[in-house]
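What follows is a set of notes on a single structure, which appears directly below.
Each chain gets a letter, A, B and so on, in the order the sequences are listed, and its residues count up from 1. Model, not experiment: these values are computed from the prediction.
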Protein chains: 2
Amino acid sequence: MPSATSAAADSHPAGARPRRRAGRPPAAVLDQDTITTAALRLVRKSGYEGFTMAALARTLNVAPSALYNHVASKREVLVLIQDHLTSFVDVSAFDTESWDQAVRDWAWSYREVFSKHTPLIPVIAVLPVADAPKTLAMYEAVSAGFRRTGFPQERIISAIVALESFIFGSAYDVTAPADIFDSGSMAASTPNFTSAVERLARQGLESPADAAFSLGLEALIAGFGALRR
Amino acid sequence: MPSATSAAADSHPAGARPRRRAGRPPAAVLDQDTITTAALRLVRKSGYEGFTMAALARTLNVAPSALYNHVASKREVLVLIQDHLTSFVDVSAFDTESWDQAVRDWAWSYREVFSKHTPLIPVIAVLPVADAPKTLAMYEAVSAGFRRTGFPQERIISAIVALESFIFGSAYDVTAPADIFDSGSMAASTPNFTSAVERLARQGLESPADAAFSLGLEALIAGFGALRR
DNA sequence: CCACTAAATGAATGGCATTCATTTAGTGGC
DNA sequence: GCCACTAAATGAATGCCATTCATTTAGTGG
């Protein structure tokens with residue numbers, strides 16, 4: 001069977017105009033764009049705990065069931081949000097900067113955007129690109145940047161996936177509680193870990209999350225940079 | 001206020017015996033170990049969609065509310081599962097192999113374990129280590145390995161966090177649908193991405209997820225390895 | 001003005017985590 | 001041998017949730 005209902009593909013099924021045989025319905029209050037915008041506004045105001053279909057409908061002055069004429073499920077709303085957010089990820093450096101700097105700028109921007117939306121990560125990470133056109137556009141820009149710099153073609157996707165995995169994982173760290181490394185009463189039995197945590201804290205100009213992200217990202221950039229030819 | 005109720009800390013609050021002033025209660029059917037074991041078995045059989053407090057109680061022949069005498073919330077059960085799973089992550093190579101190989105073995109093992117339990121990742125990623133003693137033990141083993149190889153102490157935590165972020169992100173990829181990169185009808189407008197996907201597929205002995213994980217992991221190992229002194 | 005249609009409605013469904021007053025049954029002290 | 005105390009288990013209730021569906025509403029092209 002074909003993959004699940006695709007939000008994007010359904011809105012313009014490649015060349016086919018939306019058909020209608022007879023009269024138009026009444027002026028629609030709702031469509032996917034309206035829903036996406038309202039959903040994002042709601043999430044920013046109430047977080048993902050407060051983001052329910054009922055609450056979303058309320059902000060649109062509409063019954064909850066009305067949403068289901070435009071969207072198959074709550075998950076589909078999350079997909080719409082994620083694709084919209086992806087357009088805020090800055091890929092412009094691939095046109096203006098060196099490859100190294102472009103990857104750096106893109107990765108920091110990507111993490112920045114999704115660190116405020118970590119509940120979307122499980123959705124994005126396994127989402128077919130065909131269901132998220134703006135996300136696909138981002139991949140295209142990044143792929144083009146990799147190709148231009150002489151990156152071996154058969155490894156472009158792997159490199160991007162690896163970077164993205166690192167970015168998603170790192171996005172969680174940004175929101176972690178400050179005392180996450182406090183080993184509490186078990187400090188005595190974990191001397192190496194505990195002393196490493198202290199050493200980090202003593203240094204710490206950057207936040208721990210930023211320090212880890214920077215360290216890992218530079219290693220990935222250096223490692224991948226060496227593959228170019 | 002102190003951090004949330006700690007499963008592990010509550011079972012042996014460092015030196016204090018569990019107090020009781022008067023008679024013991026009836027022989028308990030339930031405790032955290034029993035719950036953890038049953039929960040893991042249920043997850044393996046029914047997945048995380050089928051994992052509800054009611055279903056868990058049913059497998060234990062107990063009322064759902066009985067669970068709340070031993071556990072504060074469903075989230076706490078997830079924490080118990082995650083900590084238990086962490087003991088299946090193999091850190092033994094840090095005692096027997098070179099640093100490079102030990103990191104490699106540990107990372108593959110870590111990804112392997114959690115790729116079957118991705119719904120736990122949002123929980124683990126922001127969980128204070130004090131709430132997960134077996135996880136803390138893993139960090140201790142890894143920290144010790146990094147220290148032994150002459151890794152700069154103030155960067156040990158950052159390096160581990162970076163590796164872990166990469167591992168968590170990569171765990172999602174393992175479960176992604178095979179057609180995740182199929183750009184479908186929009187292939188024409190994304191030539192660089194589409195050709196990169198084809199090049200990968202043409203190569204592809206490994207799964208795409210394995211190829212990306214291997215590529216990223218080797219870059220991180222090489223980059224971090226160079227920091228040793 | 002009619003037939004058709006998509007959109008919106010409101011009530012209903014079933015599932016969920018969690019709470020709480022109450023009951024149950026060991027145990028240590030007398 | 002009984003009593004007082006306790007932790008554990010119960011079952012009913014709560015409130016929230018996503019989702020479904022039969023029905024109603026109101027533009028529009030013929």
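- Taking the ring centroids of B/Phe168 and A/Phe168, they lie at or beyond the 6.0 Å cut-off.
- You'll find a donor-acceptor pair under 3.5 Å spanning the side chain of A/Asn69 and the base of C/dA8, going by distance alone.
- Between the CG atom of A/Asp31 and the C1' atom of C/dA7 there is a distance of 12 Å, given to the nearest Å.
- For the pair A/Val129/B/Phe193, a side-chain contact is recorded, criterion being any heavy-atom separation below 4.5 Å from C-beta on.
- Note that CG of B/Leu136 and OG1 of A/Thr194 are 7.0 Å apart. Values are rounded to the nearest 0.5 Å.
- Under a 3.5 Å cut-off, the side chain of A/Thr175 and the backbone N or O of A/Tyr172 do form a donor-acceptor pair.
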Treating primed atoms plus P, OP1 and OP2 as sugar-phosphate and everything else as base, which nucleotides of nucleotides 15-22 of chain C get B, S or - for protein heavy atoms under 4.0 Å? -SSBBB--

Checking A/Asp83 against A/Thr86 for the side chain to side chain donor-acceptor pair (under 3.5 Å) test, could you report, in this order, the C-alpha distance in whole Å, the side-chain angles of both residues, the deciding distance, and whether it holds? CA-CA 5 Å; A/Asp83 198 41; A/Thr86 301; 4.8 Å; no

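- Nearest heavy atoms, A/Val77 versus A/Ala39: CG1-CB, 3.8 Å.
- Looking at A/Leu163 and A/Trp106, their side chains come closer than 4.5 Å, going by heavy atoms from C-beta outward.
- When the side-chain nitrogen and oxygen atoms of A/His70 are compared with OP1 and OP2 of C/dA6, none of them lie within a distance under 4.0 Å.
- Taking the six-membered ring for Trp and the full ring otherwise, A/Tyr139 and B/Phe181 have centroids separated by 6.0 Å or more.
- Atoms CG (A/Leu60) and C1' (C/dA7) sit 14 Å apart, rounded to a whole Å.
- The distance from atom CD of B/Gln32 to atom P of D/dA8 is 11 Å, rounded to the nearest whole Å.
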Which dot-bracket notation, 5' to 3', represents the base pairing of DNA chain C when pairs are defined as Watson-Crick or G-U with both distances under 3.5 Å, crossing pairs as [ ], and inter-strand pairs as |? ||||||||||||||||||||||||||||||

